[in-house]
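Comments concern the structure below.
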Amino acid sequence: MGSVEPLLHFRHVSREYGEGDGLVRALDDVDLEIRHGEFVAITGASGSGKSTAVSILGCLDLPTRGDYLIEGHAVQSLRPEVLAALRNAKFGFIFQSYNLLPRTSALDNVALPLLYAGVGANEREERALEALVTVGLGTRSDARPNQLSGGQQQRVAIARALVNHPEVILADEPTGNLDSRTSTEIMHLISSLNTERGITVVMVTHDAKCAEYARRQLVFRDGKILSDQVSNGAGATVRA
């Protein structure tokens, strides 16, 4: 399944906030390997550490202790500008609240990561439109977020996550603001990106039906991985 080294690797990762009596240990000595092409769902109660884990996986945060490696290379020693470039090149992010610029067209919202990457205007427009076509919104490129439904806004956010051709999509409650029918449509889209394009997907969700789309399911509790299961097409087998 890809290279010998895991694509993403936690080695005894802990993340703490505050100090003294106010110390919160969001992650507690977590070991985790994610390989190229996996679709991993992370579930657990609020405060279990799942969103903290995804923030560290996406280089939005760093461990307090332990090592986080991407393809065998530790990220903690990277300069902030190198870390930012790595994050922009390697990862696409999908959030529950879409995080779209309200006065900006769908096309320009999608093109934003390319602007940060220094891509020229013509190529930005071409690649952004291609990404919108991929998510079924090629005819709505001029629409602003308030002219789109919630499901369409999330499709724009997915297109934005795709525009840099990332190896990994990190999705934090991608269907949290959507009705059940639209949630199913979005999950089919995310699943197809994994199966048809080979993009590694790591998704935080509270929704058991959404988690079922992933072949591998992690459950977090109190900053630790409580269970790690891989579906074999007829239930699940415990992995760790």
Spatial distance of atom [atom1] ([X]) from atom [atom2] ([Y]) [nearest 0.5 Å]:
{"X": "Tyr213", "Y": "Ile190", "atom1": "OH", "atom2": "CD1", "result": "10.0 Å"}
{"X": "Gln147", "Y": "Arg140", "atom1": "CD", "atom2": "CZ", "result": "7.0 Å"}
{"X": "Thr52", "Y": "Ile42", "atom1": "OG1", "atom2": "CD1", "result": "10.5 Å"}
{"X": "His12", "Y": "Arg65", "atom1": "NE2", "atom2": "CZ", "result": "12.0 Å"}
{"X": "Arg160", "Y": "Leu107", "atom1": "CZ", "atom2": "CG", "result": "13.5 Å"}
{"X": "His36", "Y": "Glu5", "atom1": "NE2", "atom2": "CD", "result": "9.5 Å"}

Using side-chain heavy atoms (C-beta onward) and a distance below 4.5 Å, is [X] in contact with [Y]?
{"X": "Phe10", "Y": "Leu69", "answer": "no"}
{"X": "Val75", "Y": "Leu62", "answer": "yes"}
{"X": "Asp108", "Y": "Ser105", "answer": "yes"}
{"X": "Phe220", "Y": "Ile225", "answer": "yes"}
{"X": "His165", "Y": "Arg127", "answer": "yes"}
{"X": "Leu137", "Y": "Val156", "answer": "yes"}
{"X": "Leu170", "Y": "Val168", "answer": "yes"}
{"X": "Ile169", "Y": "Leu162", "answer": "yes"}

Report, as yes or no, whether the 6.0 Å neighbourhood of atom [atom1] on [X] holds more than 12 heavy atoms from other residues, nucleotides or ligands.
{"X": "Asn146", "atom1": "CG", "value": "yes"}
{"X": "Tyr17", "atom1": "OH", "value": "yes"}
{"X": "Glu125", "atom1": "CD", "value": "no"}
{"X": "Glu81", "atom1": "CD", "value": "yes"}
{"X": "Asp179", "atom1": "CG", "value": "yes"}

Discussion item. Between Arg216 and Asp228, does any side-chain N to carboxylate O distance fall below 4.0 Å?
Written reply: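 Yes, Arg216 and Asp228 are salt-bridged.
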
Worksheet item: Between Arg124 and Glu126, is there a side-chain N and carboxylate O pair less than 4.0 Å apart?
Response: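 Between Glu126 and Arg124 there is no salt bridge, as every charged N stays at least 4.0 Å from the carboxylate O atoms.
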
Atom of [X], atom of [Y] and distance for their closest heavy-atom approach:
{"X": "Pro166", "Y": "Ala161", "result": "CG-O, 3.1 Å"}
{"X": "Gln76", "Y": "Pro63", "result": "NE2-CG, 3.9 Å"}
{"X": "Gly223", "Y": "Val30", "result": "O-CG2, 3.2 Å"}
{"X": "Ser141", "Y": "Leu129", "result": "CB-CD1, 4.2 Å"}
{"X": "Glu38", "Y": "Ile34", "result": "OE1-CA, 3.4 Å"}
{"X": "Leu101", "Y": "Pro145", "result": "O-CG, 3.5 Å"}

Under 3.5 Å, which donor-acceptor pairs link side chains of residues 84-96 to any protein atom two or more places apart or in another chain?
unit_1	atom_1	unit_2	atom_2	d
Arg87	NH1	Cys59	O	2.6
Asn88	OD1	Asn164	ND2	3.4
Asn88	ND2	Pro113	O	3.2
Lys90	NZ	Glu71	OE1	3.1
Lys90	NZ	Glu167	OE2	2.7
Gln96	NE2	Asn177	OD1	3.1

So, [X] side chain and [Y] main chain: donor-acceptor pair closer than 3.5 Å or not?
{"X": "Arg221", "Y": "Ser48", "answer": "no"}
{"X": "Asp67", "Y": "Arg11", "answer": "no"}
{"X": "Thr205", "Y": "Cys210", "answer": "no"}
{"X": "Thr104", "Y": "Leu100", "answer": "no"}
{"X": "Thr200", "Y": "Gly37", "answer": "yes"}
{"X": "Tyr68", "Y": "Leu57", "answer": "yes"}
{"X": "Gln217", "Y": "Ala211", "answer": "yes"}
{"X": "Gln154", "Y": "Gly151", "answer": "no"}
{"X": "Thr175", "Y": "Leu178", "answer": "no"}
{"X": "Ser191", "Y": "Met187", "answer": "no"}

Fill in: Passing option when Arg15 is tested against Asp28, Asp29, Asp61 for salt bridge (Lys or Arg N to Asp or Glu O under 4.0 Å)
Asp61

Fill in: Trace of the side-chain contact (heavy atoms from CB on, under 4.5 Å) decision for Leu7 with Arg35
CA-CA 5 Å; Leu7 175 58; Arg35 301 264 170 193; 5.8 Å; no

Should [X] and [Y] be counted in the same cluster of Ile, Leu, Val, Met, Phe, Trp and Tyr side chains packed under 4.5 Å apart?
{"X": "Val13", "Y": "Val40", "value": "yes"}
{"X": "Val135", "Y": "Ile199", "value": "yes"}
{"X": "Leu132", "Y": "Ile186", "value": "yes"}
{"X": "Val110", "Y": "Tyr116", "value": "no"}

Item to complete: Would you check, one step at a time, whether the test side-chain contact (heavy atoms from CB on, under 4.5 Å) holds for His206 with Ser46?
Response: CA-CA 9 Å; His206 279 102; Ser46 295; 3.8 Å; yes

Worksheet entry | Arg197 and Thr134: CA distance, side-chain angles, deciding distance, side-chain hydrogen bond (donor to acceptor under 3.5 Å, both in side chains) verdict | CA-CA 11 Å; Arg197 296 194 175 200; Thr134 296; 3.2 Å; yes

